[in-house]
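Data first, discussion second: the structure below is written as structure tokens.
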Amino acid sequence: MLERQVASLLEDERDFIANAANFSALVYTMLPLVNWAGFYFPDEDGLVLGPFGGKPACTRLPKGKGVCNRSFEHAESVIVEDVNAFPGHIACDSASRSELVVPLLSGGLVYGVFDIDSPVPGRFTEADRRGVERLVAQFMKATPVPERYGSVRKSGSRINERIDVQTCRDHHVVLRYLAEDLGNAAPRPKVAQALLARVRTVLVRHLKLEDDCLYPRLQNSSNEILRGKAERYRTEMGGLRRQFSELWNRWSADGAIAADVAGFHQEWLSFQTALLARIDSEDSDLYVAVDAELA
Ligand code: SME
């Protein structure tokens, strides 16, 4: 019902402030058990109050502090069941007890947040989050955000995201070479030990880039298939990560490989096979889908 109301509220108007004001007023009046609903937009020092429904609120939320900044900086929705238990929560109205904040996403960028407060603890469920995300997506689609509000964009820009994917691919190339060299170097334990350390360096950086940039970006995709794919890849990587850390714990110490060259070789080959298969499928499946998403 709210989606239909939002649609009719926004259909004839493109003015950003008018639409943002009516959107907040609609959510504020229509959702039960809500004492505040409104927008915050970024500037150099943090977030600044936008149109809202409810009592006057904090005009500025300093960078890095509070629930709204958390949502904005991570480009993901945040539900806080009990605001008193959220470290750094910014209390604008002492009556507020729980909160739902949804980022304003469009074209891979974050333009601000939409924040809803409730006087009831635990007011917001996952279903509320999904519903409000849909309403916010509808708002973003119907109303172009003026440059003034989108001028400080905290999330990676599309071009940065493309560079991140390219860096992931480059890591793959390096890992392939190192893995092959290490497979051949097993009979020379000193060389193998040095190569193992290099594999670890690249692998750690690679996984960090995927975890910090690639997966969070994919989780926010509007493409459900891509979201599912990313989740499958992420879960599956857990196994490979564990396999490598066991291998590292067993063989990285000085002299460990020399003491059992054949044992190391066998264990390495099994990891190498799994790693290369994984790299191949990321290159030909996951990253291809990501490229299409960022095109
Ligand atoms: N509680 C928010 C501040 C905004 S008000 O709730 C309207 C926060 O911690 O970011």
Side-chain angles (χ1 to χ4, degrees), residues 2 6 9 16-106 109-140 143 145-146 148-155 216 219-220:
L2 280 176
V6 167
L9 203 58
F16 179 73
I17 292 186
N19 280 350
N22 259 345
F23 181 86
S24 336
L26 180 81
V27 173
Y28 172 63
T29 47
M30 295 305 291
L31 277 191
L33 303 173
V34 159
N35 64 334
W36 199 89
F39 290 90
Y40 277 92
F41 297 105
D43 83 348
E44 280 73 15
D45 307 315
L47 294 167
V48 187
L49 184 63
F52 65 90
K55 286 187 185 167
C58 314
T59 46
R60 289 181 185 271
L61 310 174
K63 221 180 243 184
K65 246 196 113 193
V67 190
C68 292
N69 275 297
R70 160 81 70 89
S71 165
F72 179 67
E73 281 152 19
H74 290 76
E76 63 191 16
S77 301
V78 178
I79 294 177
V80 177
E81 307 253 328
D82 173 6
V83 295
N84 297 326
F86 186 96
H89 166 260
I90 301 171
C92 298
D93 178 351
S94 59
S96 298
R97 297 297 310 280
S98 61
E99 187 161 352
L100 164 63
V101 185
V102 171
L104 311 178
L105 302 172
S106 175
L109 300 173
V110 193
Y111 286 84
V113 296
F114 186 68
D115 176 21
I116 311 179
D117 292 348
S118 169
V120 177
R123 157 69 180 81
F124 300 103
T125 62
E126 278 299 305
D128 290 313
R129 176 182 64 74
R130 283 194 300 274
V132 175
E133 281 175 355
R134 283 212 304 276
L135 295 178
V136 166
Q138 213 183 336
F139 170 80
M140 292 301 285
T143 310
V145 185
R148 147 79 182 85
Y149 300 100
S151 57
V152 186
R153 291 167 184 175
K154 300 287 167 45
S155 87
Q219 270 176 343
N220 280 316

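Read the numbers this way: they start at 1 and go in the same order the structure lists the ligands and their atoms.
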For residues 20-35, tabulate all N or O donor-acceptor pairs below 3.5 Å that involve a side-chain atom, not counting sequence neighbours.
from, atom 1, to, atom 2, distance (Å)
Ser24, OG, Ala20, O, 2.7
Ser24, OG, Pro51, O, 3.2
Thr29, OG1, Ala25, O, 2.7
Thr29, OG1, Leu26, O, 3.2
Asn35, OD1, Ser118, N, 3.4
Asn35, ND2, Ser96, OG, 3.2

**Request:** Hey, could you give me each pair passing ring pair (Phe, Tyr, Trp, His ring centres under 6.0 Å) that has a residue in residues 87-106? Not counting sequence neighbours.
**Result:** none

**Asked** If you round to the nearest 0.5 Å, how far is OG of Ser77 from CG of Leu105?
**Response** 7.5 Å

**Message:** Show me, by chain and number, every protein residue that has a heavy-atom distance under 4.0 Å to ligand 1.
**Reply:** Trp36, Tyr40, Ala57, Leu61, Gly66, Val67, Cys68, His89, Ile90, Cys92, Glu99, Asp115, Asp117

**Fill in**
In this structure, OG1 of Thr143 is separated from OH of Tyr111 (nearest 0.5 Å) by 12.5 Å

**Asked** Is there a donor-acceptor pair closer than 3.5 Å between any side-chain N or O of Asn69 and the backbone N or O of Pro62?
**Response** yes

**Residue pairs, two or more places apart or on separate chains, that pass salt bridge (charged side-chain N to carboxylate O under 4.0 Å, His left out) and touch residues 118-128** = Arg123-Asp128, Glu126-Arg129

